[in-house]
Structures are given as structure tokens and as C-alpha cells.
Novice: 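After the C-alpha cells below, expect a handful of questions from me.
Computed over heavy atoms, backbone and side chain alike; hydrogens, waters and symmetry mates excluded. None of these values were measured; they are calculated from a predicted model. In the text below, chain A, chain B and the rest are named by the order of the sequence lines, each starting its count at 1.
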There are 2 protein chains.
Amino acid sequence: MARVSKEESPCPLSILVGVLSGPWTLYIVWVLSTNGATRFGELKRRVEGISTKMLTERLRLLEQEALIYRHYEPTVPPQVTYGLTDRGKELVGILNQLNDLAQRWYGQPDVAQVGCTFVDTVETAATDAIR
Amino acid sequence: MARVSKEESPCPLSILVGVLSGPWTLYIVWVLSTNGATRFGELKRRVEGISTKMLTERLRLLEQEALIYRHYEPTVPPQVTYGLTDRGKELVGILNQLNDLAQRWYGQPDVAQVGCTFVDTVETAATDAIR
DNA sequence: TAAAGTAGAAACTTTTAAGTAACTAGCCAA
DNA sequence: TTGGCTAGTTACTTAAAAGTTTCTACTTTA
């Protein structure tokens with residue numbers, strides 16, 4: 001997490017923005033919001049270029065903040081599925097607003113780039129990746 | 001700015017979150033939003049513990065992103081005043097929402113800490129610090 | 001018997017960003 | 001003429017975070 005101030009206990013908003021600003025974090029949340037719950041390996045494939053270490057670290061953080069859940073299925077090989085919690089979905093709602101601003105300010109008109117749109121498909125896509 | 005992904009041109013939302021997540025940045029925006037336009041020295045006094053270097057750097061960045069403006073008055077000694085632009089005010093609106101979430105999730109009920117609330121006083125306080 | 005797939009953990013290196021401190025210009029007042 | 005005010009800039013140091021690589025357990029398949 002990027003430090004936000006010198007203080008040990010930054011304010012709630014700083015905590016939240018700190019979480020979101022970590023590398024890859026928005027990308028991961030975006031994939032989970034458009035794709036629904038996703039397994040570790042698939043997540044790693046979709047978030048191109050991320051290392052397992054980083055992905056694990058980010059997922060742990062997001063889980064700790066209760067923005068995503070982790071579902072462990074002790075099959076062989078094991079299946080671990082990650083998805084947005086209600087908190088996560090609530091957050092995505094606001095992120096969409098923020099994204100609208102950002103698109104207006106920085107976005108080129110020629111369509112969003114891969115991994116760069118927050119769309120409201122959280123509800124509909126939430127279950128089709130577990131199988 | 002904390003790196004958000006490996007790519008050279010991250011998506012608009014990443015840019016925006018990247019700006020906000022820099023150290024002190026939210027604090028500075030918060031001061032400008034509650035206090036109205038503020039001069040460099042006063043800003044430095046209000047954002048306790050920040051170095052001139054950091055403050056300058058953050059202000060330059062925010063100015064570059066058109067979230068704040070810089071007004072230079074070539075008096076002796078010179079007076080430089082910083083304030084939120086329309087963009088900045090628009091952003092603060094959404095930050096308030098985000099702050100509401102954050103308060104609900106992380107906030108202790110016992111009042112906000114210093115420097116930790118986003119309130120809607122942008123319009124009313126915007127001019128009383130220039131003088 | 002060896003390889004491949006899953007979801008990581010641990011050790012190590014490199015990079016980058018944040019902090020510290022000293023310095024500047026221009027004028028004024030004592 | 002020394003110091004103080006403002007709003008910075010520059011150079012240097014240090015600490016944290018990101019990246020890279022190698023390793024694991026477990027079972028199935030070839």
C-alpha cells in the first residue's frame with residue numbers, strides 16, 4: 001500500500017484509496033466485476049503480466065478488506081475461487097461514477113482499452129465462473 | 001505516484017486513483033475543499049508534517065491534472081494561492097460518497113479525526129482565503 | 001517414472017519514491 | 001549588513017515496495 005501520510009492510523013478514506021491504489025488492484029476488481037467469480041489461475045491469465053506473488057498479495061489484501069471473498073474447494077488439484085462481496089459491489093458502484101469522470105477527463109473517445117472499463121455487470125455475471 | 005500496472009498508459013480511472021493515492025494528496029484536497037483557496041505557507045501549516053518539497057510536488061501534480069489552480073501574485077514577498085477548480089469540486093463530490101462508505105466500514109463513531117472528513121463546504125468557503 | 005496442473009510460499013534483488021537538509025531570489029526593516 | 005519573509009529548487013540519503021526466481025504438496029495422466 002502506498003503510504004498516504006506520516007501518521008500510523010490514516011483516515012478511512014485514505015485506507016480505502018490506499019487499497020485501491022495498489023498495483024493491479026483496480027484491474028483485479030474490474031475483472032471480478034465484469035467476469036464474476038473467478039479462479040486463481042484464470043485470474044492470473046486475465047490480469048496479464050502479474051506475478052503469482054503480486055496476485056496473491058493483492059487478493060489477500062482485498063479479502064482482508066472484505067471487498068472480495070475466497071472460496072476454497074479441497075479437490076485435487078484444489079480450486080480456489082474469488083469473487084466480489086456485497087461491499088465490493090457497493091464500491092464498484094462508486095468506482096463507476098469515478099470512472100465516468102475519468103473517462104470524460106482523460107479518456108479518448110475511441111472505446112475503452114482492455115481492462116479499463118467498469119461496467120454494471122456485477123449482478124448478472126456473478127455466478128457463471130464457478131461451475 | 002504509486003504504480004498501478006506495468007503498462008505505460010494506464011486507463012483513465014487508474015490515472016485518477018493514482019493521483020489521489022499519492023501521499024498527502026487527499027489531505028491537501030480536503031484542506032482546499034473545506035478551507036477554500038489557500039496560500040502555500042498556510043497550506044504547509046495546515047498539512048502538518050509535510051515538507052515543502054512534497055507539498056510543491058503534490059500541488060504541481062494536482063495543478064497538472066487540472067484539479068487545482070495556482071494563482072501567482074508578484075508582490076514582495078510573492079503570494080501564491082491554490083484552490084479547487086470545477087473539476088476538483090466535481091471530484092470532491094464523489095470523494096464524499098466514497099468517504100461515506102469508508103466511514104461506514106472503517107470509521108469509528110467517535111467523530112472524524114483531523115484532516116479526515118470530506119464535507120460539502122466547497123462552494124461556500126471557496127473565496128474567503130484569498131483576501 | 002516422469003511430467004503437468006493447481007495455488008501458492010519464501011528468499012532475494014532491484015527500483016522508486018519519500019524524507020532531510022541546505023540553498024536561492026528579491027525586498028524590507030532594524 | 002544582518003536577518004527575516006515568501007515560495008520554492010536542488011542534491012543527497014534511506015526505506016519500502018515491486019519484481020524475479022525458485023520451491024512446495026498433491027494427484028492424475030501419458
Novice: Do any N or O atoms from the side chain of B:Thr85 and from the backbone of B:Tyr69 form a donor-acceptor pair under 3.5 angstrom?
Specialist: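 A pair under 3.5 Å: no.
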Novice: Among side-chain atoms of B:Tyr72 and B:Gln79, is any donor-acceptor pair under 3.5 angstrom?
Specialist: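 On atom types as modelled, these side chains do not qualify, holding no pair under 3.5 Å.
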Novice: Please state whether the phosphate of C:dT6, meaning OP1 or OP2, lies under 4.0 angstrom from any side-chain nitrogen or oxygen of A:Arg39.
Specialist: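 False: A:Arg39 side-chain N/O out of range (4.0 Å or more) of C:dT6 OP1/OP2.
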Novice: Figure out the CE/P separation between B:Met54 and C:dA21, and round it to whole Å.
Specialist: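 Computing the B:Met54:CE to C:dA21:P distance gives 16 Å.
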Novice: Between protein and nucleotides 22-30 of chain D, what N or O pairs are separated by less than 3.5 Å?
Specialist:
none

Novice: Would you say A:Arg70 reaches C:dA7's phosphate, i.e. side-chain N/O to OP1/OP2 under 4.0 Å?
Specialist: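 Checking C:dA7 against A:Arg70, no side-chain N or O comes under 4.0 Å of OP1 or OP2.
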Novice: How many Å lie between CD on B:Glu57 and P on C:dA17, as a whole number?
Specialist: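 Interatomic distance, CD of B:Glu57 to P of C:dA17: 9 Å.
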Novice: Would B:Arg58 and B:Glu63 satisfy salt bridge (charged side-chain N to carboxylate O under 4.0 Å, His left out), going step by step from the backbone distance to the final call?
Specialist: CA-CA 8 Å; B:Arg58 292 298 120 188; B:Glu63 189 195 357; over 6 Å; no
Novice: Determine: side-chain N/O of A:Trp24 to OP1/OP2 of D:dG19, distance under 4.0 Å, yes or no.
Specialist: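 Yes, such a contact exists.
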Novice: Which whole-number value in Å describes the distance from A:Arg60 CZ to D:dA18 C1'?
Specialist: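 Going from A:Arg60 (CZ) to D:dA18 (C1'), I get 18 Å.
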Novice: Nearest to the side chain of B:Val80 - D:dA7, D:dT9, C:dG8?
Specialist: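 The answer is D:dA7, which lies nearest to the side chain.
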Novice: Give the rounded distance in Å between these two atoms: CG of A:Leu43 and P of C:dG8.
Specialist: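 Atom-to-atom, A:Leu43 to C:dG8, this comes out as 10 Å.
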Novice: Between D:dT20, C:dG8, C:dA18, which nucleotide has the shortest distance from any of its atoms to the side chain of A:Ser51?
Specialist: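 In terms of side-chain proximity for A:Ser51, the closest of D:dT20, C:dG8, C:dA18 is D:dT20.
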Novice: Tell me if a side-chain donor or acceptor on B:Thr81 pairs with a main-chain N or O of B:Thr38 at a distance below 3.5 Å.
Specialist: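 Absent.
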Novice: Write down the distance between CD (B:Glu73) and P (D:dT6), rounded to a whole number of angstrom.
Specialist: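 So the two atoms are 16 Å apart, to the nearest Å.
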Novice: For B:Leu95, does its backbone N or O pair with a side-chain atom of B:Asn99 as donor and acceptor, under 3.5 Å?
Specialist: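 No; judged by distance alone, with no hydrogens or angles, the pair does not exist.
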Novice: Does A:Lys53 or A:Tyr82 map to a spot on DNA chain C nearer the 5' end, using the closest nucleotide for each?
Specialist: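 Nearest-nucleotide comparison on DNA chain C picks A:Tyr82.
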Novice: Once you round it to whole Å, what is the distance between P of C:dA9 and NZ of A:Lys44?
Specialist: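 The distance from NZ of A:Lys44 to P of C:dA9 comes to 15 Å, rounded to the nearest Å.
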Novice: Measure from CG on A:Leu55 to P on D:dA18 and round the result to the nearest Å.
Specialist: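 Value for this atom pair: 14 Å.
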Novice: Between B:Leu55, B:Val31, B:Ile50, which is the residue that forms a side chain to side chain contact (heavy atoms under 4.5 Å, CB included) with B:Trp24?
Specialist: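 That would be B:Ile50; it is the only one of B:Leu55, B:Val31, B:Ile50 passing the side chain to side chain contact (heavy atoms under 4.5 Å, CB included) with B:Trp24.
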Novice: Is any side-chain N of the basic residue among B:Arg104 and A:Glu90 closer than 4.0 Å to the acidic one's carboxylate O?
Specialist: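 Yes, B:Arg104 and A:Glu90 are salt-bridged.
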Novice: For the side chain of A:Arg45, starting at C-beta, report the closest nucleotide among C:dG19, C:dT6, D:dA7.
Specialist: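 The nucleotide sitting nearest to the side chain is C:dT6.
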Novice: D:dG8 P sits how many Å from B:Ile50 CD1, rounded?
Specialist: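 From B:Ile50 CD1 to D:dG8 P: 13 Å.
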Novice: From the list C:dA9, D:dT9, D:dA7, which nucleotide is the closest neighbour of the side chain of B:Thr56?
Specialist: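 Closest nucleotide to the B:Thr56 side chain: D:dT9.
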